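One structure below.
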Amino acid sequence: MAEEKELPSYLDTLNPEQKDAVVHEGSPLLILAGAGSGKTRVITTKIAYLIGEKHIEPSAILAVTFTKKAAMEMAERAVALEPRAERAQIRTFHSFGAWFLRKYSDEAQLAGSFTVYDDDDMATLVTKALPSLTRQQAQLAAHKIALAKDYCLGPGDDLSGIDPTGDLSAVYRAYEARLKTTGNADFGDLIMKPVKVMEENERIRQQMRYRFRVIMVDEYQDSNVAQFRLLQTLAGVDEGSGTYVCVVGDDDQSIYRFRGAEVQNILTFREKFPGTKIVKLVRNYRSTAKILEAAGNVVKNNEGRLGKTLKAERGEGKTPVLVYLPDQDAEARFCADLIAKACSDGKKPSKYSDWAILYRTNAQSLGFETEFLHRKIPYVVVGSLKFYEREEIKDTLAYLSLAANPRDEIAFRRIVNKPAHGVGDKTQEIVISHAFSAQQNLIEAAKECAPALSKKAKEGITEFCAVLDDLGKTFAPDEKLSFFVNKVLERSGLLEYHRTQDEISGTQRTANMQELVNSAVLYPCTEDGLLQFLDNIELDRSLDAGDDAAAADAVTLITLHNTKGLEFSRVIITGMENGIFPRGDKTGGELEEERRLFYVGITRAKDELYVTSCGQRRLYGRTEYMQPSSFIEEAGNVFKVLGKKQREQHGCGMYGTAAGGFNSTAGSELAQKWSKGTKVYHDDWGYGQVINGSVSGDGEFVITVQFENGTKKKFMPEYQAHSLMIIKE
């Protein structure tokens with residue numbers, strides 16, 4: 001009788017459900033992993049197990065997730081268990097899409113050296129495709145096009161669910177035609193194009209299925225329709241490809257619908273992948289039992305869920321606390337008092353970094369920031385800084401993108417006249433039109449157009465071409481890519497230009513540019529190194545949530561959406577009022593997502609949970625009387641209650657001290673169009689609402705807009721309406 005093979009020791013660290021998930025084989029597998037249940041350990045152990053025990057070739061394993069940070073952690077942990085796992089494809093969804101499109105660029109009708117356009121680039125291309133659109137209209141159209149691609153919809157498909165007006169198809173078609181001429185892709189293409197290529201090309205489809213025998217997806221509840229189509233096409237389950245499919249996720253933590261995430265992907269997985277086995281990971285190693293009770297009581301009110309109850313492995317713990325406060329100022333003082341007292345406790349002081357204040361919208365951070373500054377409580381605001389959206393960084397990246405792909409229209413337009421040297425919009429149009437008609441890249445076209453230009457434009461375009469030609473000779477395999485980026489900054493004049501801006505405004509532009517140079521040290525000074533560098537930047541543009549908070553002993557101020565994947569010893573969830581959380585416009589599936597967001601917030605807490613609710617709150621420059629969030633009642637009698645619920649206000653309607661009203665101009669056309677309560681969008685300030693309108697001493701009609709980020713600005717609609725877009729309900 002043959003001896004049974006001894007299982008690897010790393011399986012001994014798993015609980016029964018985790019082990020069941022790791023050793024499962026054959027049918028599709030859905031690992032329903034509750035918050036704090038060790039899902040990363042399971043998926044990385046499963047990769048090691050498949051390679052070491054089931055003898056799966058590492059390169060035949062594709063594991064995808066959503067952030068570079070998560071992919072890196074998954075790879076590191078898998079390699080620590082099984083060194084051969086370094087040859088597995090462990091990537092983000094978009095990184096896989098970029099890899100696929102570089103491999104099959106011809107079939108995808110892309111330039112081999114394509115770059116990836118971000119949201120801002122998309123809006124710029126929309127305006128070039130349809131010059132009649134304003135910048136705000138172009139940004140809205142670009143957002144809808146990106147959403148359409150998340151649903152794997154092209155210009156000819158039914159787009160009524162995204163744009164009921166029917167206007168999107170024509171804009172989308174014009175945008176796609178313009179995008180095709182650049183040879184580049186946008187973020188949506190990184191998922192949608194691989195799907196289309198495989199669906200239309202059986203040879204490539206079979207190549208991919210032969211290559212990848214195991215496909216694993218982390219955070220599956222965050223996948224969108226296009227990503228589901230990608231998984232379905234790669235796996236070919238309906239066609240009997242034999243590919244093993246394993247997805248890991250939590251339907252109760254699907255909170256990114258606004259980014260295109262589709263909770264139905266996980267809810268209907270069993271139907272789409274017949275024979276699926278479900279393994280539920282319900283042992284929670286993060287929070288105490290009373291905290292989990294609150295979370296479970298709330299989320300069980302959702303109809304759209306597969307259902308599970310978390311079990312605490314850390315005991316009962318402290319009772320969560322619900323605090324009723326008169327207003328947001330008292331809320332900020334309460335939080336400051338609570339934290340300051342805990343951190344100065346003579347017997348067992350906590351650290352500031354033990355604490356996190358969670359809120360529904362960024363605008364709510366202002367009161368806490370002000371109070372903490374006055375009280376000298378250190379804090380960090382997570383998610384507010386986007387390094388790659390700074391002007392000086394986008395300028396530098398445009399030069400790098402054009403060096404990589406001389407057909408890149410967006411990059412060309414951004415930096416051909418920066419610093420300014422006489423190459424205006426008219427000259428740019430001449431060059432771009434010539435490039436399109438002659439099927440040349442933009443540098444070749446610029447050289448051919450130069451003799452016919454005005455003296456100033458000719459000198460400017462000739463110098464610009466010389467810069468790009470020189471940069472093409474700067475690649476040096478013995479150097480690091482930082483050498484090339486430095487040369488770009490110096491030779492282009494950008495460094496001197498932004499140094500001057502630093503002197504004028506006191507900003508840190510040159511320091512930011514130097515930081516970009518430093519980040520290029522990891523890449524070789526070759527064309528391939530440049531493409532890798534640009535890919536990594538475009539695929540992971542925003543800073544990872546939590547990095548700043550971990551750098552110092554400071555309280556974390558963070559939106560509920562940004563807390564996903566984080567944990568804190570002590571959590572305060574603020575603004576628990578109807579209209580704030582849940583938002584007042586949420587019903588049906590959207591309300592269920594709000595409920596899941598509260599569940600995510602609660603389950604970030606390890607040891608202590610506090611929830612605050614205010615009786616009144618200043619919103620858009622006026623005071624509103626608030627009612628406690630319906631989620632508080634749903635949580636049940638799990639809270640120790642401090643303070644008293646504010647009695648319902650009578651005699652003053654919905655609003656208390658409303659901001660000043662309009663004067664006698666209220667009957668005018670401007671006053672009617674920009675009346676109090678009108679919701680608007682501004683490129684720089686975001687979403688806001690008109691809170692006042694009046695006639696200035698000069699007889700001009702002026703409105704005051706309160707923005708969600710806390711900023712209050714005045715505008716003269718007669719002259720500045722182009723910078724504000726009215727948002728129709």
Side-chain angles (χ1 to χ4, degrees), residues 111 113-115 121 124 182-184 388 390-435 438 440-477 479-502 509-510 512-514 516-517 519-520 523-531 533-534 537:
S113 58
F114 72 86
T115 54
D121 295 330
T124 299
T182 70
N184 286 333
Y388 294 113
R390 294 172 180 170
E391 179 189 0
E392 65 276 1
I393 300 303
K394 295 203 78 165
D395 291 345
T396 308
L397 292 176
Y399 257 107
L400 296 176
S401 295
L402 196 63
N405 178 12
R407 295 170 62 190
D408 190 335
E409 179 188 348
I410 299 298
F412 177 84
R413 288 183 184 276
R414 183 176 184 92
I415 43 84
V416 68
N417 197 40
K418 195 170 190 178
H421 42 246
V423 186
D425 289 345
K426 185 177 179 181
T427 300
Q428 294 173 33
E429 293 297 341
I430 291 171
V431 172
I432 291 168
S433 296
H434 184 76
Q440 294 175 313
N441 71 48
L442 293 164
I443 307 307
E444 292 169 344
K447 291 175 181 177
E448 287 192 5
C449 292
L453 300 174
S454 67
K455 181 182 178 182
K456 189 175 182 182
K458 178 181 177 180
E459 290 174 353
I461 206 76
T462 300
E463 169 59 18
F464 180 76
C465 290
V467 171
L468 268 297
D469 285 343
D470 287 352
L471 291 176
K473 303 169 187 173
T474 306
F475 289 112
E479 298 281 355
K480 298 297 184 184
L481 190 64
S482 52
F483 171 81
F484 180 80
V485 181
N486 250 329
K487 289 293 184 184
V488 169
L489 294 177
E490 294 169 1
R491 184 69 178 85
S492 66
L494 282 178
L495 189 61
E496 186 58 35
Y497 171 79
H498 286 296
R499 184 180 288 128
T500 302
Q501 298 299 310
D502 272 355
R509 296 186 178 194
T510 51
N512 295 334
M513 294 164 88
Q514 186 57 52
L516 186 68
V517 171
S519 68
Y523 302 85
C525 190
T526 62
E527 292 181 352
D528 283 344
L530 176 58
L531 287 173
F533 180 59
L534 291 171
I537 287 173

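A quick note: this is a predicted structure, and the numbers were derived from the prediction, not measured. Computed over heavy atoms, backbone and side chain alike; hydrogens, waters and symmetry mates excluded.
To the nearest 0.5 Å, the span separating SG on Cys525 from CZ on Phe533 amounts to 11.5 Å. Atom CZ of Phe114 is separated from atom CG of Leu534 by 11.0 Å, given to the nearest 0.5 angstrom. Rounding to the nearest 0.5 Å places NZ of Lys418 at 7.5 Å from CG of Leu494. Summarising the geometry, atom CD belonging to Glu409 is positioned 11.0 Å from atom CG belonging to Asp121; distances are rounded to the nearest 0.5 Å. One finds the CG atom of Asn405 at 9.0 Å from the CG atom of Leu531 (value rounded to the nearest 0.5 Å). The CD1 atom of Ile461 lies 10.0 Å from the CD1 atom of Ile430; values are rounded to the nearest 0.5 Å.
Phe484 places none of its side-chain heavy atoms less than 4.5 Å from the side chain of Tyr523. Side-chain contact between Tyr399 and Leu489 is absent, with no heavy atoms from C-beta onward closer than 4.5 Å. Put simply, the side chain of Leu516 reaches to within 4.5 Å of the side chain of Leu397, judged on heavy atoms. At a threshold of 4.5 Å between non-hydrogen side-chain atoms, the residues Val488 and Leu471 count as touching. Using a 4.5 Å cut-off on side-chain heavy atoms (C-beta onward), Arg413 and Ile432 make contact. Using a 4.5 Å heavy-atom threshold, the side chains of Phe483 and Thr474 count as touching.
For the residue pair Leu481 and Gly529, the shortest heavy atom distance occurs at CD2-O, 3.8 Å. Smallest separation of non-hydrogen atoms from Arg407 and Ala111: NH1-CB, 3.9 Å. Counting all heavy atoms, side chain and backbone alike, Leu442 lies closest to Ala435 at CD2-CB, 3.7 Å. The nearest pair of heavy atoms linking Ser492 to Pro419 is O-CD, 3.5 Å. Residues Asp408 and Thr115 approach most closely at OD2-OG1, 3.0 Å, considering heavy atoms. The shortest heavy-atom contact between Ala398 and Ala411 is O-CB, 3.3 Å.
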Side chain to side chain contact (heavy atoms under 4.5 Å, CB included), that's the test. Do Ile410 and Thr182 meet it? Break it down for me.
CA-CA 8 Å; Ile410 299 298; Thr182 70; 5.7 Å; no
Set out, in order, the CA-CA distance, both residues' side-chain angles and the distance that settles side chain to side chain contact (heavy atoms under 4.5 Å, CB included) for Lys447 and Ile443, then state yes or no.
CA-CA 6 Å; Lys447 291 175 181 177; Ile443 307 307; 4.0 Å; yes
Does Glu448 form a side chain to side chain contact (heavy atoms under 4.5 Å, CB included) with Glu444? I'd like the steps, not just the answer.
CA-CA 6 Å; Glu448 287 192 5; Glu444 292 169 344; 5.8 Å; no
In sequence, state the C-alpha distance, the side-chain angles, and the governing distance for Phe464 and Val431, and then conclude on side chain to side chain contact (heavy atoms under 4.5 Å, CB included).
CA-CA 13 Å; Phe464 180 76; Val431 172; over 6 Å; no
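A search for salt bridge (charged side-chain N to carboxylate O under 4.0 Å, His left out) contacts involving Glu479 returns nothing, not counting sequence neighbours. With sequence neighbours left out, Asp470 forms a side chain to side chain donor-acceptor pair (under 3.5 Å) with Arg491. Every side chain to side chain donor-acceptor pair (under 3.5 Å) that Arg414 has, sequence neighbours left out, goes to Asp395.
Side-chain atoms of Gln428 come within 3.5 Å of backbone atoms of Val423 as a donor-acceptor pair (strictly under, hydrogens ignored). At distances below 3.5 Å, not a single donor-acceptor pair connects side-chain atoms of Asn417 with backbone N or O atoms of Gly424. In this structure, Ser113 contributes its side chain and Ala404 its backbone to a donor-acceptor pair below 3.5 Å.
Heavy-atom neighbours of Lys487 NZ from other residues, nucleotides or ligands within 6.0 Å: at or below the threshold of 12. Within a 6.0 Å radius of CD in Glu429, more than 12 heavy atoms belonging to other residues, nucleotides or ligands are found.
Donor-acceptor pairing under 3.5 Å is lacking for the side chains of His421 and Glu463.
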